[in-house]
Amino acid sequence: MSALALSSTVTEVDFSEFSLSTSERELVRASFNRLEPASELVGILFFLRLFDIDPKMREQFEGPIKPHAVKMMATLRLAVVSLKQRQGAKSALRLLGTRLRQKGMKADDYTTMADALIWTLERSLEDEFTYSVRRAWKVYLSQITSVMTAA
């Protein structure tokens with residue numbers, strides 16, 4: 001089972017199961033901070049890749065891409081900042097997960113989104129997107145995905 005695999009039967013997430021080491025947390029924070037100056041462009045690149053991977057996802061995000069890109073990067077920023085707290089952004093992510101489920105988002109869609117984000121990070125960070133950075137992001141995205149799908 002991949003680090004991004006989802007379980008549709010998850011009802012509660014034990015964050016210790018997906019815990020990141022201190023160095024992994026720092027890799028996620030540092031790599032995200034590197035993207036901050038171009039966050040809007042990174043968000044747009046993410047959505048372009050997402051719609052390329054799965055054109056049906058365009059139906060989930062009506063209207064222009066830019067506002068969705070800004071919101072997605074703000075949510076990701078909240079999740080990255082929350083790495084310092086045990087509970088972190090869990091409540092906000094659950095609320096977002098509930099809202100997206102009401103709009104028709106399925107568990108498999110989160111895997112597609114995580115894949116698009118990894119691709120986007122790889123293209124945006126280039127040589128700085130090392131194996132260790134990739135692994136840390138995959139584990140953290142799995143954690144985020146589990147919370148959002150359990151909502």
Side-chain angles (χ1 to χ4, degrees), residues 1-54 56-57 60-61 68-101 103 105-151:
M1 179 185 275
S2 100
L4 296 176
L6 302 173
S7 170
S8 60
T9 60
V10 175
T11 56
E12 183 62 30
V13 176
D14 176 7
F15 273 76
S16 63
E17 180 181 345
F18 300 106
S19 63
L20 294 172
S21 68
T22 302
S23 63
E24 289 171 324
R25 289 170 191 252
E26 184 53 38
L27 288 172
V28 169
R29 274 195 297 269
S31 59
F32 183 80
N33 288 341
R34 176 88 167 87
L35 299 175
E36 283 267 44
S39 66
E40 185 178 302
L41 292 174
V42 172
I44 290 170
L45 182 61
F46 162 79
F47 278 103
L48 292 173
R49 178 61 179 169
L50 178 65
F51 302 152
D52 186 49
I53 293 171
D54 185 354
K56 293 180 298 185
M57 290 295 289
Q60 300 291 328
F61 301 95
H68 296 295
V70 170
K71 288 177 190 174
M72 188 277 295
M73 292 303 287
T75 301
L76 193 55
R77 182 179 303 110
L78 173 66
V80 169
V81 167
S82 74
L83 281 167
K84 294 179 182 177
Q85 290 87 29
R86 186 95 172 126
Q87 287 294 335
K90 198 171 181 179
S91 296
L93 290 171
R94 280 184 177 158
L95 185 61
L96 180 59
T98 299
R99 190 177 130 252
L100 291 174
R101 187 178 62 252
K103 290 182 130 199
M105 188 80 65
K106 306 283 187 250
D108 289 343
D109 295 335
Y110 290 101
T111 301
T112 303
M113 293 176 75
D115 290 344
L117 183 57
I118 292 295
W119 181 91
T120 302
L121 292 168
E122 183 176 32
R123 297 310 180 281
S124 301
L125 293 168
E126 298 177 332
D127 292 341
E128 294 176 38
F129 197 65
T130 63
Y131 172 81
S132 298
V133 172
R134 174 187 297 274
R135 183 188 175 287
W137 271 102
K138 282 189 172 188
V139 171
Y140 194 47
L141 289 173
S142 178
Q143 178 179 338
I144 291 170
T145 297
S146 294
V147 171
M148 291 178 72
T149 58

**OP:** Using the side-chain contact (heavy atoms from CB on, under 4.5 Å) rule, take Thr22 and Glu26 through it: C-alpha gap first, then chi angles, then the decisive distance, then the call.
**Re:** CA-CA 6 Å; Thr22 302; Glu26 184 53 38; 5.8 Å; no
**OP:** Report the C-alpha separation of Met105 and Met148 in whole Å, then their side-chain angles, then the decisive distance to 0.1 Å, and conclude whether the side-chain contact (heavy atoms from CB on, under 4.5 Å) test is met.
**Re:** CA-CA 10 Å; Met105 188 80 65; Met148 291 178 72; over 6 Å; no
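Partners of Glu24 according to the side-chain hydrogen bond (donor to acceptor under 3.5 Å, both in side chains) rule, which considers only residues two or more places apart in sequence or in another chain, are Ser21, Arg135. The side-chain contact (heavy atoms from CB on, under 4.5 Å) search around Arg34 returns Leu125, Glu128, not counting sequence neighbours. The salt bridge (Lys or Arg N to Asp or Glu O under 4.0 Å) check on Arg99 picks up nothing, with sequence neighbours excluded. Qualifying ring-ring contact (aromatic ring centres under 6.0 Å, His included) partners for Phe32, counting only residues two or more places apart in sequence or in other chains: none. Asp52 is linked by a salt bridge (Lys or Arg N to Asp or Glu O under 4.0 Å) to Arg49, counting only residues two or more places apart in sequence or in another chain.
Of all non-hydrogen atoms in Phe46 and Thr120, the two that sit nearest each other are CA-OG1, 3.2 Å. Closest of all the heavy-atom pairs between Val42 and Ser124 is CG2-OG, 3.9 Å. The two residues Ala136 and Leu20 come nearest to each other via the heavy atoms O-CD2, 3.7 Å. Of all non-hydrogen atoms in Val80 and Tyr140, the two that sit nearest each other are N-OH, 4.2 Å. The minimum heavy-atom distance linking Trp137 with Ile118 is given by the pair CB-CD1, 3.8 Å.
Distance check, rounded to the nearest 0.5 Å: OG1 of Thr149 to CZ of Arg101 gives 9.0 Å. Here CG of Asp115 is found 11.0 Å from CG of Asp54. Values are rounded to the nearest 0.5 Å. From Leu121, atom CG reaches atom CG of Leu35 across 6.0 Å, with rounding to the nearest 0.5 Å. Going from atom OG of Ser146 over to atom CG of Leu141 covers 10.5 Å, rounded to the nearest 0.5 Å. Atom NZ of Lys56 and atom CG of Asp109 lie 7.5 Å apart (nearest 0.5 Å).
Counting only heavy atoms from C-beta outward, the side chains of Gln143 and Val139 never approach each other to under 4.5 Å. In this structure the side chain of Thr130 reaches within 4.5 angstrom of the side chain of Val133, judged on heavy atoms. The shortest distance between side-chain heavy atoms of Trp119 and Leu45 falls below 4.5 Å.
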Identify every side-chain donor-acceptor pair in residues 68-79 under 3.5 Å, counting partners at least two apart or on other chains, and give the distances.
from: His68; atom 1: NE2; to: Glu62; atom 2: O; distance (Å): 2.6
from: Thr75; atom 1: OG1; to: Lys71; atom 2: O; distance (Å): 3.0
from: Arg77; atom 1: NE; to: Glu36; atom 2: OE1; distance (Å): 3.0
from: Arg77; atom 1: NE; to: Glu36; atom 2: OE2; distance (Å): 3.1
from: Arg77; atom 1: NH2; to: Glu36; atom 2: OE1; distance (Å): 3.0

